[in-house]
Each structure stands twice: as C-alpha cells, then as structure tokens.
K.L.:
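Below is one structure. I have some questions about it.
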Protein chains: 2
Amino acid sequence: MRAPVSLPHAYKLLNHGPTVLVSAASNGQQNVMAAAWAMPLDFDPPKLAVVIAQDTFTRRLIEASQELCLSVPTNEQLELTWAVGSTSGREIDKQERFEVIYEQASLISAPLIGGCAAWLECKLYQEPSMQERYDLFIAEVVAAWADDQMFQHNTWNFEVRQTIHHLNHGTFFATGAKLQAKKIF
Amino acid sequence: MRAPVSLPHAYKLLNHGPTVLVSAASNGQQNVMAAAWAMPLDFDPPKLAVVIAQDTFTRRLIEASQELCLSVPTNEQLELTWAVGSTSGREIDKQERFEVIYEQASLISAPLIGGCAAWLECKLYQEPSMQERYDLFIAEVVAAWADDQMFQHNTWNFEVRQTIHHLNHGTFFATGAKLQAKKIF
C-alpha cells in the first residue's frame, strides 16, 4: 500500500543511491525512462538532482510540463527498469509493451509508476543552463510516498523486497544488509 | 592492491550510488568528509556531481585548490565514514583522531583515502553559481583507481567486501546481491 512520507523525510527515499524511474506527462502523452544518476540535493524543502539525456522523449515531456516523478523500483522490476531505460517512447508505447502501470499523482501531472517502493512528485526549477550543458535537472519534491511494507517509521525495511542499483547492461545490485556504525566521534 | 581504471569505465565506480569520502588539500592542509550525495554526470570524459555543504572545511580546500578526490569506502570503514561525515576539520585533526590514511594521488593535490574500494581523482569545473545556490560541485574525473579484489575486469565483485550506502545517523546498507535482468525489449 502507498503511504505518504512527510517532506523532511523524503531525502531518505534516495539517500542510499537507488536507480529510479523518471516519468512525465504533457498534452495527453506520458512516458517513463530509467535513471541511475539521481540524488538528493537538500533536506527541507527537499530538492533533488537527476541527469536526463538530451534526446529522450521523457525530457521533452518534462520540459513541456515542468514536472516529473521519480519512482524507486524494486528487485521485482529489474526487467521493467532495464527495458524502459533502453528503449525510447518515440518509437514504442512503453506502457503497452512493458505493461507499465501509471497511477495518478497528487500534485503533478506526471504519473507514478505502479509496484515501486517509493515515489517523489517533483516540480522543476528553472535552470536552463544546467539542463543544456550537463543534462542536469534540479527539482523540488512537493509530495512523497512509499510502500508501507518497505518504508516504515521513516526508515527502509528491505527484508522482503529491495531497491536496486544499476551497474551497466542490465546488471544491478540489490540494496543489501543494514549495517549500524558504532559511534567513534 | 590499487589498480588503475580506464576513464571510460570510471562511471561504474559510482553508478550504483555508494556513499563516498571527499578529500582535498591546499597550502599544506588536508581534510576528508563524507558525502552520500554524489553521482556520475557523464561517461567520457567522465564527469560527476557532488553536494558539499557550505560550511565545511573540505569545501574551503576544494575551492582553494580546484581539485578533489572521491574515495569509495567499504563495510570495513563504516565507523570512519560516519565519523568524518559528522565532525569538522576546523575543530579536530581527523587524520590523527580517526587514523585516516592519506595516500598520494597521481594527478591532483587531494589525497586518496587508504583502504577504500575505489578512487576518483577530479578537477573542478568553474560553476560558481551552482556551487553558491545548490552546494553542487561538478568535476571531471582525470584518473581513477579501484581495489583489484573488488573491481575486476571492469565490474564490481562484492563477495568479500562491499561498498556502502548511507541512510541516516550512521545507518548504512551494504551493496547487496548481483542481479541480472532478463532482456524483454
């Protein structure tokens, strides 16, 4: 079940560096791609940075709507993640081809991707120079959600399902064992 | 043993989203901090983005030298990582206090941190506006290294030691099982 995450805790959904799905919608069209290059940028209000290549259809939808959603996929979505990251919405209908489930967001036009571990609804900051030179998009998280089995009491629980970290060519790592550092300072 | 990683493969050292140590040196001083917010930005030449808070001593050294090193710590360095990320080089000598091992880099003044899984020697891009507004630093990777037991044939091997992913307050996740997606596209 999808449960809201309060904004000051939203950074935790990305802090461990998972690969994400990036979705957007504009003018009746919607699309989703994968991005391994995403990270938090600030705590409160939560901001994030994500790299979105120039020639992607999702980027056109983001630039048109100024909104995007980051969904955090799980180990059950390996194939989906690799597939939407390796194909273009200009050429195929990813929703139909890969059975992507689009769910309605609360505050933005971009859809949430069904079956994921967490979701960050984002509004873009106007940084055309960074977008142009580095394909780097900065956005504010305006609403956040997580699966209530995987994220409980504002912390992750990866015992049943895990988030995933892309290496290359469809090789991923699951998020592994929780380790608590001893305090030596 | 530390072995060179060719620059077109350097993105793989960060692609799975590990937490890193950021080090820099200037004018006889050196320091190290931790950063969970770092990601690749381009493949070749490899570039990366890292968030470095305004009030850190390491940032002062980076701004003075225009160089920085990202070292990728392992599960054997949990305590070190949390400690150097929670204390300031303005107040304590982290090298002495936490027994940090500084090793000489090949092309930059910033030291590599001993015992890590990988190292990225970086030169800063001049982006004062991004640094000022978002604490966001863009750099080009000019040399890269990895432990030859953990990174072999340009891919990670986490069977013995793992890289780590910070959640908050000293709670980390080890990088977990390798998963190969089936190709459905």
K.L.:
Under a 4.5 Å cutoff for heavy-atom pairs, which residue among A:S129, A:A36, A:A177 has the most contacts with chain B?
P.N.:
A:A177

K.L.:
Looking at A:R133 and B:E127, is there a salt bridge between them, counting it only when a charged N and a carboxylate O are closer than 4.0 Å?
P.N.:
yes

K.L.:
Taking atom CZ of B:R97 and atom CD1 of A:I184, what is their separation to the nearest 0.5 Å?
P.N.:
8.0 Å

K.L.:
Please look at B:I92 and chain A and tell me whether the side chain, the backbone, both or neither of the residue comes under 4.5 angstrom of a heavy atom of that chain.
P.N.:
neither

K.L.:
Looking only at heavy atoms and a cut-off of under 4.5 Å, which of A:Y11, A:W37, A:F172 has the most pairs with chain B?
P.N.:
A:W37

K.L.:
With chain A as the partner, which of B:F98, B:F158, B:Y134 has the greatest number of non-hydrogen pairs under 4.5 Å?
P.N.:
B:Y134

K.L.:
Among B:L41, B:V51, B:T175, single out the residue with the greatest number of heavy-atom pairs under 4.5 Å to chain A.
P.N.:
B:L41

K.L.:
Taking the six-membered ring where the residue is Trp, are the ring centres of A:F173 and B:W156 under 6.0 Å apart?
P.N.:
no

K.L.:
With a sphere of 6.0 Å drawn around CD of A:Q180, does it hold more than 12 non-hydrogen atoms of other residues, nucleotides or ligands?
P.N.:
yes

K.L.:
Show, in sequence, the C-alpha distance, side-chain angles and deciding distance for A:H166 and B:H16, and conclude whether the side chain to side chain contact (heavy atoms under 4.5 Å, CB included) test is met.
P.N.:
CA-CA 5 Å; A:H166 193 229; B:H16 63 298; over 6 Å; no

K.L.:
Quick one: what part of B:I164 sits under 4.5 Å from any heavy atom of chain A, side chain, backbone, both or neither?
P.N.:
side chain

K.L.:
Which residue out of B:T81, B:T171, B:L80 racks up the most heavy-atom pairs below 4.5 Å with chain A?
P.N.:
B:T171

K.L.:
Does B:V72 share a hydrophobic cluster with B:V142, counting links as ILVMFWY side-chain heavy atoms below 4.5 Å and allowing steps through other members?
P.N.:
no

K.L.:
Below 4.5 Å from any heavy atom of chain A, which atoms of B:K47 appear? Answer side chain, backbone, both or neither.
P.N.:
side chain

K.L.:
At a heavy-atom distance under 4.5 Å, which candidate from A:D42, A:V84, A:T19, A:L48 has the highest pair count against chain B?
P.N.:
A:D42

K.L.:
For B:L136, is it the side chain, the backbone, both, or neither that has a heavy atom closer than 4.5 Å to a heavy atom of chain A?
P.N.:
side chain

K.L.:
Just checking B:N27: does its CG atom have more than 12 heavy atoms from other residues, nucleotides or ligands closer to it than 6.0 angstrom?
P.N.:
no

K.L.:
Main chain of B:K182, side chain of A:E79: is a donor-acceptor contact present, judged purely on distance under 3.5 Å?
P.N.:
yes

K.L.:
Using 0.5 Å steps for rounding, measure from the NZ atom of A:K12 to the CG atom of B:N168.
P.N.:
4.5 Å

K.L.:
Is it the backbone or the side chain of A:A49 that comes under 4.5 Å from a heavy atom of chain B, or both, or neither?
P.N.:
both

K.L.:
Who wins among B:N15, B:N75, B:I138, B:L14 for the most heavy-atom pairs under 4.5 Å with chain A?
P.N.:
B:N15

K.L.:
Give, for atom NE2 of B:H165 and atom OG1 of A:T163, the distance between the pair rounded to the nearest 0.5 Å.
P.N.:
8.5 Å

K.L.:
Kindly compute the distance separating OG1 (B:T155) from CG (A:L167), expressed to the nearest 0.5 Å.
P.N.:
4.5 Å

K.L.:
Any idea how A:F185 and B:W82 line up, ring-wise: parallel (<30°), tilted (30 to 60°), or perpendicular (>60°)?
P.N.:
perpendicular

K.L.:
For residues B:V100 and B:W119: do they belong to one hydrophobic cluster (side chain heavy atoms under 4.5 Å, members Ile, Leu, Val, Met, Phe, Trp, Tyr)?
P.N.:
no

K.L.:
Looking at A:G170, A:P40, A:P18, which has the largest count of heavy-atom pairs under 4.5 Å with chain B?
P.N.:
A:P40

K.L.:
Using the rule that two of Ile, Leu, Val, Met, Phe, Trp, Tyr join whenever any of their side-chain heavy atoms come within less than 4.5 Å, decide whether B:V20 and B:L124 are in one cluster.
P.N.:
yes

K.L.:
Please say yes or no: joined through hydrophobic side-chain contacts below 4.5 Å, possibly via intermediate residues, are A:V22 and A:M39 part of one cluster?
P.N.:
no

K.L.:
Same hydrophobic cluster for A:W145 and A:L68, using side-chain heavy-atom links shorter than 4.5 Å among ILVMFWY?
P.N.:
no

